[in-house]
Amino acid sequence: MYFNEDNPEKENLGESEKKIESLEEKICPDGSIIYDNVTGEMICSSTGEVVSRIIDYRQEWRAFTPEEREKRSRTGGPLTPVMHDQGFMTSIDYVDRDASGKKLSPRRRYEARKLRKYQAKARMQISIERNLALAIDELEKLSEALNLSKAVKQRATEIYRRAIEKGMVRGRSTENVVAAAIYLASRELGVPRMLDEIAKHTNCSRKDIARCYRLLLRELNLKVSSVDPADFVPRIAHALGLGGAVMKEAIDIINTVRSLGITSGKDPAGLAAAAVYIAALKHGERRTQKEIAQVAGVTEVTVRNRYRELATVLGFREEEVV
DNA sequence: ATGGTTTTTACTGCGTC
DNA sequence: GACGCGGTAAAAACCAT
C-alpha cells in the first residue's frame with residue numbers, strides 16, 4: 001500500500017483546463033478524446049488517431065491563497081530583490097563607533113542596527129539564491145530526463161524554494177530534495193511519475209526520496225490527493241504502442257471499478273496496469289503481463305492480483321473476446 | 001516497537017508454441 | 001525447451017497505533 005488517503009473526487013480545475021475541455025468538444029463531439037499527458041497529444045478514442053497536439057494553457061504556478069497569488073504573479077516589479085551588488089555585503093562593524101572611533105549618537109546607533117538587521121536578511125537571501133541556482137540546475141537535468149512539462153518544473157522549483165526557505169535542505173542532499181520536489185509537483189499536477197523512475201535518474205534511493213517527500217508534505221503543510229489510477233493509463237498504453245481505443249477502455253474499466261472499493265489501499269499503478277492488460281486483451285492486442293508490469297513499475301504478481309480482482313468483479317473472461 | 005496490510009522476491013506446476 | 005500464466009510462501013515495505 002502506498003498512499004491510502006481516500007479521495008476519489010477530482011480537485012476542481014482551473015479556468016484554463018476548461019479551455020482544453022471545450023477544445024475537446026469542438027474536435028470530437030462525442031467527447032471520446034483522450035489526452036495523453038506524456039506527449040501532449042489528443043487522441044480520438046474511436047479511431048486511435050492523434051487529433052492534435054496541444055500546448056498546456058495552464059499557468060505554470062498555482063496559488064492556493066490570495067497572498068500566494070500575489071507573490072507568484074510575475075507582472076510588476078520583483079518583490080524579493082536580488083542583490084547584485086557585492087559591495088553591499090561589506091559588513092557593518094558590531095562596535096557602535098564610527099570610523100574615527102567616536103561613539104555613535106543614539107540616532108545613528110539605531111540606524112546602524114537597522115542596517116545590520118537588513119544586511120543579515122540580505123545575506124540570507126543571497127545564500128538562498130545561490131543554493132536555489134544550484135538546485136535549479138539539478139532540477140533542469142532531472143526534468144529533462146523525465147520529460148517533465150514546464151508546469152511541473154515550475155511547481156517543483158517553487159516547492160524547493162519554500163523548502164530551502166524553511167531550512168529543510170541543510171543536512172540533506174540537494175539532489176534528494178529536488179527529486180522529492182519533482183515527485184510532489186508531478187503528483188499535484190496529475191502527471192504522476194513513479195518513485196522508481198525518478199530514483200533511476202538520480203543518485204538517490206527510492207526510499208530516500210519517499211522520506212524526503214513525506215517531509216516536504218509535512219513541513220510545507222501541503223496536501224496531495226491520492227493518485228488517480230487513470231492517470232497512469234496513457235503512459236502505460238503509450239509505452240506499449242497501444243492505441244487510444246485501448247486507453248479509453250482501460251480508463252472505463254477503472255471508472256466502473258472505482259466505486260467498488262477495490263481501489264483503496266492498493267498501488268494505483270498496479271490497478272492501471274491490470275486495466276490496460278484487460279483492455280488490450282479485449283481489443284485483441286495482447287500484451288504479456290511481464291511487459292505491462294515492467295512499464296507500469298510493478299511486479300507481475302501485482303498485475304496478476306489486480307487482474308484477478310478486476311476479472312471477477314467485471315465478470316471478464318478471456319474466451320469471450322477474440 | 002508492533003501489528004496489519006500490501007508488494008516483492010523466488011520458486012513451482014501446467015499448458016502451448 | 002522457452003515462454004506465458006497462475007499460484008504460493010516468505011521477506012520486505014509501508015502505514016497506523
Side-chain angles (χ1 to χ4, degrees), chain A residues 1-8 172 176-177 179-184 186-188 192-233 235-237 239-242 246 249-250 253-254 257-322:
Chain A
M1 180 216 283
Y2 281 138
F3 312 100
N4 69 346
E5 316 113 66
D6 228 306
N7 185 7
R172 261 173 275 275
N176 219 322
V177 182
I182 284 178
Y183 178 64
L184 175 47
S186 73
R187 285 188 53 158
E188 263 188 0
R193 301 286 125 150
M194 279 157 283
L195 275 173
D196 288 312
E197 205 178 351
I198 297 178
K200 205 169 62 189
H201 295 277
T202 62
N203 294 318
C204 317
S205 70
R206 190 189 59 204
K207 260 202 278 188
D208 286 337
I209 300 176
R211 195 182 312 136
C212 200
Y213 161 74
R214 249 178 282 285
L215 197 77
L216 281 176
L217 279 189
R218 185 147 28 86
E219 292 297 314
L220 302 180
N221 290 320
L222 293 173
K223 186 84 168 63
V224 177
S225 58
S226 58
V227 174
D228 183 352
D231 286 340
F232 286 115
V233 169
R235 294 160 42 67
I236 297 171
L240 295 169
L242 292 166
V246 178
E249 181 82 44
I253 290 173
I254 290 172
V257 145
R258 193 192 300 279
S259 51
L260 274 55
I262 319 177
T263 55
S264 77
K266 307 286 171 57
D267 182 354
L271 185 73
V276 171
Y277 179 67
I278 292 181
L281 239 46
K282 271 192 175 180
H283 285 77
E285 298 202 60
R286 184 184 204 105
R287 294 294 184 277
T288 66
Q289 296 177 353
K290 192 175 170 187
E291 285 176 298
I292 291 187
Q294 204 159 7
V295 302
V298 296
T299 351
E300 293 172 64
V301 181
T302 305
V303 176
R304 274 203 283 277
N305 289 336
R306 290 301 89 74
Y307 166 65
R308 197 173 32 184
E309 290 164 13
L310 285 183
T312 60
V313 167
L314 296 170
F316 173 78
R317 272 177 298 120
E318 205 179 321
E319 309 88 62
E320 281 175 21
V321 62
V322 177

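Sequence lines set the chain letters: A, B, ... in the order given, protein chains first and strands last, and positions in each chain run from 1.
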Just the rounded figure in Å: distance from [atom2] of [N] to [atom1] of [X].
| X | N | atom1 | atom2 | answer |
| --- | --- | --- | --- | --- |
| Asn305(A) | dG6(C) | CG | C1' | 10 Å |
| Phe316(A) | dC5(C) | CZ | P | 12 Å |
| Leu217(A) | dC15(C) | CG | P | 11 Å |
| Lys290(A) | dA2(C) | NZ | P | 13 Å |
| Arg304(A) | dT7(B) | CZ | C1' | 13 Å |
| Glu300(A) | dT7(B) | CD | P | 15 Å |
| Lys207(A) | dT7(B) | NZ | P | 18 Å |
| Lys266(A) | dT5(B) | NZ | P | 12 Å |

Can you find a side chain N or O atom of [X] that sits less than 4.0 Å from OP1 or OP2 on [N]?
| X | N | result |
| --- | --- | --- |
| Arg206(A) | dT8(B) | no |
| Arg214(A) | dC15(C) | yes |
| Arg308(A) | dG7(C) | yes |
| Gln289(A) | dC3(C) | no |
| Tyr307(A) | dC5(C) | no |
| Thr302(A) | dT6(B) | no |

Remember a base hit wins even if backbone is also touched, and classify Arg211(A) as base, sugar-phosphate or nothing at under 4.0 Å, heavy atoms.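 Result for Arg211(A) = nothing.
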Does Thr288(A) reach a base, just sugar-phosphate, or nothing at all? Heavy atoms under 4.0 Å. sugar-phosphate
Give a yes or no on this: more than 12 heavy atoms of other residues, nucleotides or ligands lie within 6.0 Å of atom CD of Gln294(A). no
Between Ser205(A) (side chain) and Asp208(A) (backbone), is there a donor-acceptor pair under 3.5 Å? yes
Mark yes or no for whether Arg287(A), through its side chain, and Ala280(A), through its backbone, hold a donor-acceptor pair below 3.5 Å. no
By nearest nucleotide on DNA chain C, pick out whichever of Ala210(A) and Arg287(A) is the more 5' one. Arg287(A)
If the threshold is 4.0 Å, N to carboxylate O, is there a salt bridge linking Glu309(A) and Arg306(A)?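 So Glu309(A) pairs with Arg306(A) through a salt bridge.
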Taking all heavy atoms of Ile292(A) and all of Tyr277(A), pick out the closest pair and write down the distance. CD1-CA, 3.4 Å
